[in-house]
Amino acid sequence: MEKLMEISHVSYSYHTLEGETPALTNINFTVHKGDFLSIVGPSGCGKSTLLSLLTGLIEPEHGSILLYGQKLFEKGRGTIGYMLQHDHLFEWRTIEKNVLLGLEIQNRLTPENQEKVMDMLKRYGLYKFKDARPSQLSGGMRQRAALIRTLALEPELLLLDEPFSALDYQTRLTVGDDIGSIIKKEQKTAILVTHDLSEAVSLGNQVLVLSKRPATIKSIVPINFSDTMTPLQRRNAPEFKDYFNTIWKELNSDD
Ligand code: ADP
Ligand code: MG
């Protein structure tokens with residue numbers, strides 16, 4: 001598979017009046033096209049910092065991040081989509097106006113692009129809510145709308161920062177399934193940050209395990225399920241608990 005992003009020897013510290021907070025130390029990994037990489041690690045270890053680096057919001061202190069072999073900063077924005085815990089849908093806009101917002105801001109609201117987005121709303125069951133306001137939708141539907149808004153910009157890489165953690169457990173399972181299936185259907189490359197090991201295993205084809213702050217990579221665990229399995233089906237597969245236990249042990253090991 002084609003190399004999409006290459007992260008080499010990346011370190012990062014925050015500098016504030018109180019002093020220096022090292023967040024990441026010597027991070028190395030490669031993302032190939034079509035990968036779904038899950039990242040797990042203890043709370044506060046530097047996961048969100050890592051995603052901010054991958055979007056180009058902040059620049060590494062040491063090391064490099066290459067997107068298709070080019071420095072991220074030179075390649076420019078727009079190729080990377082970001083989805084967060086809170087969906088940031090605007091209540092004063094309808095769902096249709098919300099999912100078109102990114103295209104509007106980037107001056108890319110052509111009839112063709114608009115049609116593509118309307119088509120996604122139809123395929124993913126939101127078309128009949130296009131004139132509704134975000135507050136009229138369930139938490140899961142809102143996350144789906146947020147995903148469609150992100151996909152509208154046709155990003156090369158999707159970064160998801162604990163996107164399901166504001167949802168209750170039951171909803172999280174179905175929304176995780178839903179969002180995972182959409183990303184697969186749209187043949188996107190994704191990186192998901194989560195503190196939920198089950199979620200990481202149910203969605204990823206690799207799980208990257210981070211140490212406590214400053215984060216280093218403890219291990220990268222390959223996950224192999226049959227290609228046709230949905231995240232929920234994976235949860236019921238016999239191998240699931242073995243993967244879970246492997247990652248649990250990695251997370252809690254001292255070295
Ligand atoms: P995670 O997402 O894994 O919970 P973060 O990447 O958000 O962790 O944070 C890693 C560490 O960096 C934490 O100790 C946090 O307090 C610190 N940190 C995060 N953002 C900033 C910032 N803007 N300024 C100073 N310190 C920060
Ligand atoms: Mg975080």
Side-chain angles (χ1 to χ4, degrees), residues 1-86 88 102 106 146-147 150-151 153-165 183 188-196 199-200 203-221 247 250-251:
M1 269 290 186
E2 195 183 350
K3 238 185 232 177
L4 197 150
M5 196 179 242
E6 202 166 12
I7 292 92
S8 316
H9 309 294
V10 166
S11 299
Y12 189 84
S13 300
Y14 289 102
H15 299 273
T16 60
L17 290 175
E18 289 79 54
E20 186 182 357
T21 309
L24 301 163
T25 309
N26 195 25
I27 302 291
N28 297 287
F29 62 94
T30 302
V31 185
H32 293 93
K33 233 181 150 161
D35 269 347
F36 198 122
L37 179 68
S38 300
I39 300 180
V40 297
S43 164
C45 77
K47 301 183 293 298
S48 294
T49 304
L50 180 56
L51 284 196
S52 298
L53 285 161
L54 302 187
T55 59
L57 281 172
I58 54 177
E59 215 174 347
E61 275 186 328
H62 302 285
S64 66
I65 302 174
L66 301 181
L67 185 65
Y68 289 121
Q70 273 183 289
K71 270 202 140 165
L72 195 56
F73 268 64
E74 288 153 21
K75 179 89 181 167
R77 306 263 167 79
T79 39
I80 294 171
Y82 208 47
M83 195 168 138
L84 307 163
Q85 179 177 350
H86 297 288
H88 298 285
Q106 292 191 359
L147 179 65
T150 309
L151 291 174
L153 299 171
E154 304 191 314
E156 300 268 1
L157 175 64
L158 267 174
L159 302 177
L160 312 161
D161 195 353
E162 314 227 15
F164 316 125
S165 55
I183 290 171
K188 290 293 171 190
T189 310
I191 300 180
L192 166 77
V193 160
T194 176
H195 57 258
D196 181 332
E199 198 170 281
L203 287 159
N205 71 322
Q206 291 183 69
V207 178
L208 204 149
V209 183
L210 297 179
S211 70
K212 54 181 188 292
R213 193 180 68 76
T216 54
I217 296 182
K218 286 189 135 180
S219 68
I220 300 179
V221 181
I247 294 160
E250 286 292 344
L251 258 179

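What's counted below: heavy atoms across the whole structure, side chains too, no hydrogens, waters or symmetry copies. Note that this is a predicted model, so its numbers are computed, not measured.
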Between CG on residue Leu210 and CD1 on residue Ile27, distance to nearest 0.5 Å: 5.5 Å
Check whether any side-chain heavy atom of Glu61 lies under 4.5 Å from a side-chain heavy atom of Ser13, and answer yes or no. yes
Using 0.5 Å steps for rounding, measure from the OH atom of Tyr82 to the CG atom of Leu153. 15.5 Å
State whether the side chain of Lys47 and the backbone N or O of Pro42 hold a donor-acceptor pair below 3.5 Å, judged by distance alone. yes
Let me see the working for Leu37 and Phe29 under side chain to side chain contact (heavy atoms under 4.5 Å, CB included), right down to the final yes or no. CA-CA 10 Å; Leu37 179 68; Phe29 62 94; 3.5 Å; yes
Verdict with supporting geometry, Ile80 and Leu54, side chain to side chain contact (heavy atoms under 4.5 Å, CB included): CA-CA 8 Å; Ile80 294 171; Leu54 302 187; 5.8 Å; no
Quick one: closest heavy-atom pair of His195 and Glu162, and the distance? ND1-OE1, 2.6 Å
At their closest point, which heavy atom of Pro163 faces which heavy atom of Val193, and how far apart are they? CD-O, 4.2 Å
Return yes if some donor-acceptor pair links the side-chain N/O of Thr30 with the main-chain N/O of Glu6 below 3.5 Å, else return no. no
Measure the spacing between OG of Ser38 and CD1 of Ile247 and express it to the nearest 0.5 Å. 8.0 Å
Could you report the tightest heavy-atom contact between Leu147 and Met83, atom names first, then the distance? CA-SD, 3.7 Å
Side-chain touch Asp35/Gln206, heavy atoms, less than 4.5 angstrom: yes
Taking the side chain as every heavy atom from C-beta outward, state whether Val207 and Val40 have any atom pair closer than 4.5 Å. yes
Any chance you could measure Leu160, atom CG, to Glu199, atom CD, to the nearest 0.5 Å? 9.5 Å
For Thr194 and Asp196, indicate whether the former's side chain and the latter's backbone hold a donor-acceptor pair under 3.5 Å. yes
Tell me every residue that passes side chain to side chain contact (heavy atoms under 4.5 Å, CB included) with Thr216, counting only those two or more places apart in sequence or in another chain. Thr25, Ser211
Pro155 to Gly81 - nearest heavy-atom pair and separation: CB-N, 3.4 Å
Could you check whether any side-chain N or O of Lys33 sits under 3.5 Å from a backbone N or O of Glu2, counting only pairs where one atom can act as donor and the other as acceptor? no
Would you say that Arg213 contacts Thr21 through its side chain, given a criterion of any heavy-atom pair below 4.5 Å between the two side chains? yes
Give the C-alpha distance, both sets of side-chain angles, the deciding distance and a yes or no for side chain to side chain contact (heavy atoms under 4.5 Å, CB included) between Leu4 and Leu67. CA-CA 6 Å; Leu4 197 150; Leu67 185 65; 3.4 Å; yes
About how many Å separate CG of Leu192 and CD1 of Ile183, when rounded to the nearest 0.5 Å? 8.0 Å
Heavy-atom pair with the smallest gap, counting every atom of Leu53 and Ile65: O-CD1, 3.6 Å
Between atom OG1 of Thr55 and atom CG of Leu51, what is the distance when rounded to the nearest 0.5 Å? 8.0 Å
Distance alone, cut at 3.5 Å: any donor-acceptor contact between the side chains of Tyr14 and Thr49? yes
Could you tell me whether the side chain of Asn28 and the main chain of His9 form a donor-acceptor pair under 3.5 Å? yes
Non-hydrogen atoms of Val10 and Ser64 that approach each other most closely: CG2-O, 3.6 Å
Worked check of side chain to side chain contact (heavy atoms under 4.5 Å, CB included) between Ile220 and Val209: CA-CA 6 Å; Ile220 300 179; Val209 183; over 6 Å; no
